[in-house]
Amino acid sequence: MRKAALIAGIAIVLAGCGNDTGSSESSDAASNNATASSATTAASNTTAEPGREKNDGADQVPECGTTTRKPNTEKPPAQHIPMELCDAAVLEDGKGGELEFTVEAIKTDLPCTAKDAEAAPKNGHIVTAFVSAKTSPQFDATILPTGLNGPPSGAGWSILNAEGATEPDISSNASERCFPIDWPSLTPDKTYRFRVTFDVPSDSGALVFVPTTLPSAQLQSPSWQWSF
């Protein structure tokens with residue numbers, strides 16, 4: 001979530017009153033000098049927030065700012081809760097802890113930036129989801145052994161085609177090496193931003209996340225879907 005800080009100094013000039021022209025000119029000169037000094041101070045105090053590597057495609061993606069938590073609703077079997085970009089999905093661990101995550105953007109065919117990203121997509125298109133997440137202090141991360149990782153190490157993410165069928169093969173050398181891997185290992189009371197990348201035949205469809213939880217967790221967990 002992009003934040004920019006701009007600290008501007010405000011200079012107040014106290015000038016004496018007088019009737020002569022010289023005094024007026026002196027006051028104007030002091031005011032001009034104060035304005036220039038204020039602008040110089042503002043420029044010197046402006047700082048850039050650190051982020052991912054430059055030119056890795058992340059700077060093209062608008063962050064969500066304040067998100068709205070979307071409640072988990074009843075749904076028929078085999079369907080997912082429809083989500084808009086910047087809706088916040090919530091996974092409860094059954095013990096009072098929560099994982100909240102948001103798909104901020106889904107981009108197609110961004111230039112790959114990892115040093116060893118040389119292979120072309122085998123299926124036709126690289127689709128990248130930009131995700132932010134945060135865990136509550138009480139969240140039990142052990143119930144989600146693969147975390148929010150992308151394919152192939154995490155089975156939770158999938159892609160549906162325009163007909164609603166699951167794409168069978170969404171991982172390739174190209175998708176795995178498109179960006180430096182930044183999937184998080186979930187721990188309590190943390191905030192994350194990362195990418196999940198897929199190699200798919202079409203540049204439109206739907207992104208789905210079905211939590212891969214331990215059987216012992218016995219969670220009535222929802223699943224979610226974002227169209228792109």
Side-chain angles (χ1 to χ4, degrees), residues 1-5 47-65 67 83 85-89 91 99-135 139 141-142 144-160 166-212 224-226 228:
M1 303 180 178
R2 281 185 288 272
K3 300 177 182 175
T47 57
E49 182 181 352
R52 296 194 188 94
E53 301 173 33
K54 291 184 178 180
N55 302 319
D56 69 350
D59 57 346
Q60 303 177 31
V61 181
E63 296 178 23
C64 294
T67 60
M83 304 287 283
L85 296 178
C86 294
D87 284 345
L91 173 65
L99 164 65
E100 180 180 311
F101 65 97
T102 301
V103 176
E104 298 179 346
I106 302 175
K107 296 290 184 178
T108 304
D109 296 327
L110 289 175
C112 295
T113 61
K115 294 180 180 179
D116 51 357
E118 299 177 354
K122 69 177 182 181
N123 294 323
H125 296 279
I126 294 294
V127 171
T128 304
F130 291 77
V131 185
S132 63
K134 61 181 179 181
T135 55
F139 181 67
T142 63
L144 202 63
T146 58
L148 291 173
N149 289 357
S153 59
W157 297 100
S158 61
I159 297 289
L160 305 182
T166 300
E167 292 288 356
D169 185 10
I170 57 175
S171 181
S172 69
N173 181 273
S175 64
E176 291 174 20
R177 299 178 182 275
C178 194
F179 300 111
I181 294 175
D182 55 3
W183 305 329
S185 297
L186 297 178
T187 57
D189 199 22
K190 296 292 183 182
T191 300
Y192 309 91
R193 292 194 74 234
F194 61 99
R195 294 160 288 203
V196 188
T197 305
F198 312 90
D199 189 331
V200 293
S202 175
D203 60 359
S204 63
L207 170 69
V208 169
F209 183 71
V210 180
T212 306
W224 302 270
Q225 177 176 320
W226 298 261
F228 64 91

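Counting from 1, the numbers follow the sequence of the chain as shown.
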Validation row: [X], [Y] side chains within 4.5 angstrom (heavy atoms):
X    : Y    : answer
F194 : F179 : no
T166 : I159 : no
R195 : D182 : yes
D87  : T102 : no
V127 : I106 : yes
I126 : F198 : no
Y192 : K134 : no
E176 : S171 : yes

Exercise. Does S202 have any side-chain contact (heavy atoms from CB on, under 4.5 Å) partners at least two apart in sequence or in another chain, and if so, which?
Worked result: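 Counting only residues at least two positions away or on another chain, S202 forms a side-chain contact (heavy atoms from CB on, under 4.5 Å) with S204.
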Exercise. Residues two or more places apart in sequence or in another chain: which of them pass side-chain contact (heavy atoms from CB on, under 4.5 Å) with D203?
Worked result: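 Expected list: T108, H125.
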Exercise. Got a sec, which residues hit salt bridge (Lys or Arg N to Asp or Glu O under 4.0 Å) with D109, two or more places apart in sequence or on another chain?
Worked result: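 None.
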For this session: Please check if the side chain of D199 supplies one atom and the backbone of I170 the other of a donor-acceptor pair under 3.5 Å.
Result: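 Such a contact is absent between D199 side chain and I170 backbone.
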